[in-house]
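Here is the naming used below: chain letters follow the sequence lines, and residue numbers restart at 1 for every chain. Every heavy atom of this structure was used, including side-chain atoms; hydrogens, water molecules and symmetry mates were not.
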Amino acid sequence: MAKLIDISDSEQGELALEFAESIHAGFPSPAADHAGERINLAREMTPHPETTFYAHVEGDSMRDAGILDGDIVVVDRSLTPKNGDYIVAYIDGEYTLKEFRVDPDGQSAWLIPHNPDFQPIKVTAESNFVVWGVITYAVHKTRA
Amino acid sequence: MFALADCNNFFVSCERVFRPDLEGRPVVVLSGNDGCVVSRSNEAKALGIPMGAPLYQIKELVDRERVVCFSSNFSLYGDLSDRVMSILRKHTSRFEQYSIDESFLNIDHVPAEQQKSYCEQLVRYIRVGVGIPVSIGIASSKTLAKVAAKYAKKYPGYHGVCEIRTEQQRVKALSDFEIGDVWGIGRKAKAKLTAAGITTALQFADQPAAFARKLLNKPGWLTWQELRGVDAIDITQLPMKQSVTTSRTFATALSDQSLLEQQIANFCAHCARQLRTQQSVAQQVYVYAHTSAFRTDIQQHYLSELVTLPVPTSGDRELIAYALAAFRRAYRPGVLYKKAGVVLMKIIPEAAVVPDLFEATDRDKEKRLQRALDQIDDRHGRRAIIYGSQLLSDERVYKTEHKSPLYTTDLRDIITIKA
């Protein structure tokens, strides 16, 4: 019997043969011709795999937006942040997750928390600030 | 036209993706044993830190200037390289990866007058999307494309892309280009050319063909043609095996670490020998070991580690060191491994490797040593001389005091963001 390995990574697909140690020639499965590819949620969530990264969330400032302490978020760096996007910003030596807003005059941007206990952060030209990426999904585990 | 895409200060740039605070600061990445500098930020170069410098020699400078030092994190560099290369592959009509941070592209699906802006767009996308700065050189030969890429890297005004399209551009670019910096001109060739009074690429290209051929033989002659704009070097060459595998199923399952390591080292040497017979080198080493699927009564484990090598190689010593370091990272004591194996992957012709990239390792010397060992093996039958791999301590194979997290290859190591 062959050992199962995950060959979802096509780069390593060639290795799969290594483990096909014995294949028994029995009655062919009638389902073989109808085999669809199994749903791969990770792939659905990452249309741009080259520019997608993951991050842990720590803190409650985005609680009311449904992003909770301990969640994992999917970050796509290739997206240009729009008003209302949730973004990962690097500000004063720290990564932070907030909603992104630009003032109508274009002079300053805001990082807006979704929790009344936290204050919005104003970003000006003087701030040491970069948009690191745009959040596309938050993954929340529901069972301990 | 060819385009050469080259990631700037690649290993340092990889570290900066997850440490935006290091932009503008001097940063270096050290070789496998934290021994020598293998990648430098522009700020580190400006401080006069030479490539290949041993850490102990520059210790004072590092402390005084607060240079940030990283141990090599090849899982990270390999993954970010794959991301950059994948983007380049998707957007070009032909793609040949040349090393972990360089690839040759064919962009003839884009009209000539738009090729420059097309490449500028690629550079921007990779810079923003992956976080890696890339320079692209465009020219009618690979060697000229490499020259152009160096200009693109050196002068920010190019926005990452430089073209050598007209004769005027070619003459101007080569007249300012030191002969020793030309792709394919190694130390020996440089010495010969300097002795003949040739110091720039243009002086060399302006010599008669017979001069190049006589002084530097065929490789030099090919370079001479390329500098004149003729596409003469084919890095793909012959088709060759894509990977080489050696694996064994053990009669009795093994859990002893040193016994397993001896096996891994042997598999590695066996694969490497095959590589050398076809004059090729591997860019990646894949190590695996697993328990028997029949033994439902014992703890199951599937060990697999993929390592991207800093410089492609076919040498036993290096391959074994990396394979064992990888194995040690994943090995679980007490698990009964029934089968193990080593796969050398991403195989390319030896001729396609850039020489002299990391001066720290004397590759010629390594090669001579390897040849001598192979000859002894041949005379006395296989494996007359072996490396004492089981005696190497982890420390000696892989000292990594300043290693950054596995940001993209281990879920436990992804960045944390404050919300």
Between M85(B), E23(B), R19(B), K90(B), the one whose heavy-atom pairs under 4.5 Å with chain A are most numerous:
K90(B)

Under 4.5 Å heavy-atom distance to chain B, tell me which part of V75(A) shows up: side chain, backbone, both or neither.
neither

Structural part of V88(A) lying under 4.5 Å from a heavy atom of chain B:
side chain

Does L41(A) reach the side chain of Y137(A), with side-chain heavy atoms less than 4.5 Å apart?
no

Side-chain donor-acceptor pair under 3.5 Å between T136(A) and D76(A), yes or no?
no

Interface moiety of R127(B) toward chain A, non-hydrogen atoms closer than 4.5 Å:
backbone

At a heavy-atom distance under 4.5 Å, which candidate from H48(A), E94(A), H114(A) has the highest pair count against chain B?
E94(A)

Can S86(B) and E50(A) be counted as having a side-chain donor-acceptor contact under 3.5 angstrom?
yes

Could you go step by step and tell me if S41(B) and N9(B) meet the side chain to side chain donor-acceptor pair (under 3.5 Å) rule?
CA-CA 6 Å; S41(B) 71; N9(B) 311 333; 6.0 Å; no

Examine whether an atom of T52(A) lies under 4.5 Å from a heavy atom of chain B, and if so say whether it belongs to the side chain, the backbone or both; otherwise answer neither.
backbone

Region of Y90(A) in contact with chain B, defined by heavy-atom distances below 4.5 Å
side chain

Structural part of L80(B) lying under 4.5 Å from a heavy atom of chain A
side chain

Contacting region of V84(B) [heavy-atom separation from chain A under 4.5 Å]:
neither

Cation-pi, F118(A) ring and R63(A) (6.0 angstrom, 45 degrees):
no

Among Q283(B), Q284(B), K346(B), exactly one meets side-chain hydrogen bond (donor to acceptor under 3.5 Å, both in side chains) together with T308(B). Which residue is that?
Q284(B)

Here the gap from I414(B) atom CD1 to L406(B) atom CG, rounded to the nearest 0.5 Å, amounts to 12.0 Å

Heavy-atom distance under 4.5 Å to chain B: side chain of I72(A), backbone, both or neither?
side chain

